[in-house]
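Quick caveat: nothing in here was measured; it's all calculated off a predicted structure.
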Amino acid sequence: MDKIFCENLKYFRKDVGLTQKQVAEKLGVVESCYANWEQGRTEPPIAMLRKLSKIFKVSIDELINNSF
């Protein structure tokens, strides 16, 4: 998993003031599934990237490529 993507997930989640559990609930997945994405253990499917971009109010490109 791309380190930048993992860091972006965590950054954008905190930026909108949500916990991992809250994001997981919005996505309809278990918390450990989302946590694995942030930790780089697994990758979300494209459909989840779309949902994440809506939750965080950023483009998919920003989610994948932004570097802070």
Side-chain angles (χ1 to χ4, degrees):
M1 174 68 73
D2 188 298
K3 184 179 177 183
I4 292 172
F5 174 71
C6 298
E7 291 172 356
N8 287 347
L9 278 181
K10 189 173 187 176
Y11 175 85
F12 288 127
R13 174 178 58 78
K14 288 183 175 187
D15 190 53
V16 296
L18 296 173
T19 64
Q20 287 184 345
K21 183 176 183 175
Q22 290 170 320
V23 174
E25 288 172 354
K26 289 179 179 290
L27 295 170
V29 299
V30 295
E31 183 179 355
S32 62
C33 177
Y34 178 79
N36 284 337
W37 298 342
E38 274 195 14
Q39 294 166 6
R41 293 186 183 132
T42 58
E43 295 181 354
I46 291 173
M48 288 297 168
L49 288 176
R50 289 184 188 112
K51 290 181 180 182
L52 285 164
S53 72
K54 287 180 182 177
I55 291 169
F56 299 147
K57 297 180 176 121
V58 297
S59 69
I60 292 174
D61 183 58
E62 289 173 299
L63 194 58
I64 295 171
N65 295 313
N66 262 13
S67 185
F68 297 99

Closest non-hydrogen atom pair between [X] and [Y], with its separation:
X: Y34; Y: L9; value: OH-O, 3.5 Å
X: S53; Y: S59; value: CB-C, 4.1 Å
X: V23; Y: L52; value: CG1-CD2, 4.0 Å
X: P44; Y: L49; value: CG-CD2, 3.8 Å
X: I4; Y: I64; value: CG2-O, 3.8 Å
X: W37; Y: C6; value: O-SG, 3.5 Å

Would you kindly confirm whether V16 and F5 end up in one hydrophobic cluster when ILVMFWY residues are joined by side chain heavy atoms under 4.5 Å apart?
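Yes.
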When you look at L27 and M48, which way does the side chain to side chain contact (heavy atoms under 4.5 Å, CB included) test go after all the steps?
CA-CA 7 Å; L27 295 170; M48 288 297 168; 4.0 Å; yes
Interatomic distance, [X] atom [atom1] to [Y] atom [atom2] [nearest 0.5 angstrom]:
X: C33; Y: R41; atom1: SG; atom2: CZ; value: 12.0 Å
X: F12; Y: K57; atom1: CZ; atom2: NZ; value: 13.0 Å
X: I46; Y: I60; atom1: CD1; atom2: CD1; value: 8.0 Å

Under the salt bridge (charged side-chain N to carboxylate O under 4.0 Å, His left out) definition, can you give me all pairs with a residue in residues 13-39, not counting sequence neighbours?
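Residue pairs with at least one partner in residues 13-39: R13-E38.
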Taking salt bridge (charged side-chain N to carboxylate O under 4.0 Å, His left out) as the cut-off, I'd like each qualifying pair that reaches into residues 44-54, sequence neighbours left out, listed once.
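Output for this query is empty, none listed.
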Tell me, please, which residues at least two apart from T19 pass side-chain hydrogen bond (donor to acceptor under 3.5 Å, both in side chains).
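side-chain hydrogen bond (donor to acceptor under 3.5 Å, both in side chains) check on T19 returns Q22.
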Any sub-3.5 Å donor-acceptor pair from N8's side-chain atoms to N66's backbone N or O?
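Present.
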